> 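The structure follows.
Within every chain, numbering begins at 1; the chains are lettered A, B, ... in the order of the sequence lines, protein sequences first and strands thereafter. Because only heavy atoms are used, hydrogens play no part in the values below, and waters and symmetry mates are left out as well, while side chains stay in. Note that this is a predicted model, so its numbers are computed, not measured.
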Number of protein chains: 2
Amino acid sequence: MTDVGRLAGVSQVTVSRALSSPQKVSPQTLQRIEDAIRQTGYVPNAVAGALASNKSNLVAALMPSVTNIVYSSMLHAFSDIMWGHGYQIMFSETGFDLDREEKAIATHLSRRPDAMLLTGIHHSPGARRMLVNTGIPVVEVWDITDTPIDCCVGFSHAGAGIAAADFAIGAGYRHAVTITAGDERARRRRDAFTTRFAKLSQTEVPAVDFDTSASLGLGRQALARVLEQGVSPGTVLFCSSDQFAQGLLAEAAARGLSVPRDIAVIGFGDQEFAAYTEPSLTSIRIDRQILGQLAANALVDRFAIGTTLNAVHDVGFELVRRASA
Amino acid sequence: MTDVGRLAGVSQVTVSRALSSPQKVSPQTLQRIEDAIRQTGYVPNAVAGALASNKSNLVAALMPSVTNIVYSSMLHAFSDIMWGHGYQIMFSETGFDLDREEKAIATHLSRRPDAMLLTGIHHSPGARRMLVNTGIPVVEVWDITDTPIDCCVGFSHAGAGIAAADFAIGAGYRHAVTITAGDERARRRRDAFTTRFAKLSQTEVPAVDFDTSASLGLGRQALARVLEQGVSPGTVLFCSSDQFAQGLLAEAAARGLSVPRDIAVIGFGDQEFAAYTEPSLTSIRIDRQILGQLAANALVDRFAIGTTLNAVHDVGFELVRRASA
DNA sequence: GTGAAAGCGCTAACAT
DNA sequence: ATGTTAGCGCTTTCAC
């Protein structure tokens, strides 16, 4: 920057101003500085800038997994808007593990991000403490609570489970089994579903639980397990993910079972393929695009006016009925 | 850090040392410093550290899209390894747009990353210049070239197109149509396929091209377009993505067409669902996990020994034959 | 094993 | 509209 200034015949500060607030520099000077920048191939050092101004224009985004479309589409929408406002994204995967999340938070905080996006509302005490101490804007997504660290944008997982149970009962199913991945939020949906369905149907609701992420292959295994235990005809399977549901459908087809006659299937996430499976998949839809955008906007508002209007934003969900249940 | 030092009765430098090279500090002092850190809730400032040491422990990763599993799984593998080596990831989406990529590169370079991952081997002249000027390690992934900026890990897209054509001819197909998304690498696969297939079959290979990303819905549209133009029985459709292929399959089922008898389908990417579609999908598989890992390792080697052994790493691909072709 | 001094490349505050 | 000065919180270098 000093070099650029020398070449343009001005001081280093003027170069700094030319870059950050060009209107404060006379047009001629600005021109000479721009030329000098081009000649020298000067690349600003945002690290020094961040240190001096105590503003990094960096936002940290933590999520369980990028390979899951459910999170990556949120990240996409979020980063798109943040980028538009001049922020860059540092990201880490936390894999449904609070300890890993705490470590990631600590590391990210050392970079002095201007804000942080966290997936979920449950965090280790240490994580919460660090976040509260630094006082940066934090948005928790994909869930809601009355006591967010700062603000949150999501939906009620218990609500989704209840909605699925009510739908299933309304559709005439009197038996159910849950298929659940190793994810705390999925378990909360399962529990709400099970409680509600059991109450309304007066039957037990067996559970098939995995302690890893959902996948097509596990979905196939799940059906095998369900059939081993024996199912009444007209049982509905409530899955914690469309991945499971797709696997279930594939396995049912392979075994010559008719869906939804022999077994009915409800997915979660309403992924693009849900409309195109055979039979098409009944699922719970969350607008991830909107969710990511609202999360970004919450932070941007927070930067601008110092506080968010609505600390808790429920984006809701929608049960999309198709052919599988 | 000064505060911590005061509390521990040592100078600020000693605290710095205790953090970066504990073995250079006496055990007692270390203990007192650790206590002081805990008491004060001190969080290191990596921004200042990066400025002073000219080492950011930050790696930039640019890719067209995170919502595409093909890229996100690479990112996952890459960031996993980099994180294990103490690096954090700054990421941006570039959306198959070289101008956007150039802007993103410039912005990222201002953060002084220690290395950069780029998707693809084609970049704007400006982007290339900046990268060469800074001289940081750069790994280009998902493609190969004899003239990488620094090093690259990928496979030959032309090779994949040729392999698909050879396979189709070998399987007895004498007519083909290509379905291609708005992606330069997809077009290169298409062109190689078309040239080879046309030569071997002595027929024309019509193209259905889109200028956006592949999706299931577009795949359905693609079949409609293909059928409008009229296809000979036993035509094989070479898709630039499994998404297209899945859409094609869905549309074929909806129209009562038999796959592969009426039309055959070859996908690209071998996504998890490829084995479970009806009929199961013949596709081209790339080991994205390995690809991401090799990219990370190339950078880590570069940090350690200053140069990579193999600047160009061809991870290859595998045509996985299933029922659709 | 520990400390003092210098400086990384910027921005902020104040002066002109 | 431009320059001067100070300093952000570390690491590096050199002393002791």
> Is there a side-chain polar atom (N or O) of B/Ser26 under 4.0 Å from OP1 or OP2 of C/dT2?
yes
> Have a look at A/Ser20 and say if it touches a base, only the backbone sugar-phosphate, or nothing, with a 4.0 Å heavy-atom cut-off.
nothing
> Does the distance from a Lys or Arg side-chain N to an Asp or Glu carboxylate O, for B/Arg185 and B/Asp143, drop under 4.0 Å?
no
> What is the distance from NZ of A/Lys24 to P of D/dT2, rounded to the nearest Å?
13 Å
> Just by modelled atom types, is the B/Lys55 backbone N or O under 3.5 Å from a matching donor or acceptor in the B/Asp114 side chain?
no
> Should B/Met90 and B/Val59 count as side-chain neighbours, where that means a heavy-atom distance under 4.5 Å?
no
> Phosphate oxygens OP1/OP2 of C/dT11: is one of them under 4.0 Å from a side-chain N or O of A/Ser53?
no
> Using atom CD of B/Gln12 as one end and atom P of C/dG3 as the other, report the distance to the nearest whole Å.
10 Å
> Would you please confirm or rule out a distance under 4.0 Å between OP1 or OP2 of D/dC10 and any side-chain N or O of B/Ser16?
no
> What nucleic acid atoms does A/Asn54 come within less than 4.0 Å of, heavy atoms only: base, sugar-phosphate, or nothing?
nothing
> Going by atom types alone, do A/Asp35 and A/Gln31 pair a side-chain donor with an acceptor below 3.5 Å?
yes
> Tell me whether the rings of B/Trp83 and A/His108 are parallel (<30°), tilted (30 to 60°) or perpendicular (>60°).
parallel
> What is the distance from CZ of A/Arg17 to C1' of C/dT11, rounded to the nearest Å?
10 Å
> Find the distance B/Leu109:CG to C/dG9:P and express it as a whole number of Å.
16 Å
> Output the rounded distance in Å from CG (A/Leu51) to P (D/dG9).
7 Å
> Check the distance between D/dG9's P and B/Lys55's NZ and give it to me in whole angstrom.
22 Å
> Within the structure, does a side-chain N or O atom of B/Thr14 lie under 4.0 Å from either OP1 or OP2 of C/dT2?
no
> In whole angstrom, what separates B/Gln28's CD from C/dT2's P?
7 Å
> Under 4.0 Å between any heavy atoms, over every strand shown, what does B/Val13 touch: base, sugar-phosphate, or nothing? Just pick one.
base
> Rounded to the Å, how far apart are A/Met1 CE and C/dC8 P?
15 Å
> Quick one: on DNA chain C, does B/Val10 or A/Ala48 contact a more 5' nucleotide (nearest heavy atom)?
B/Val10
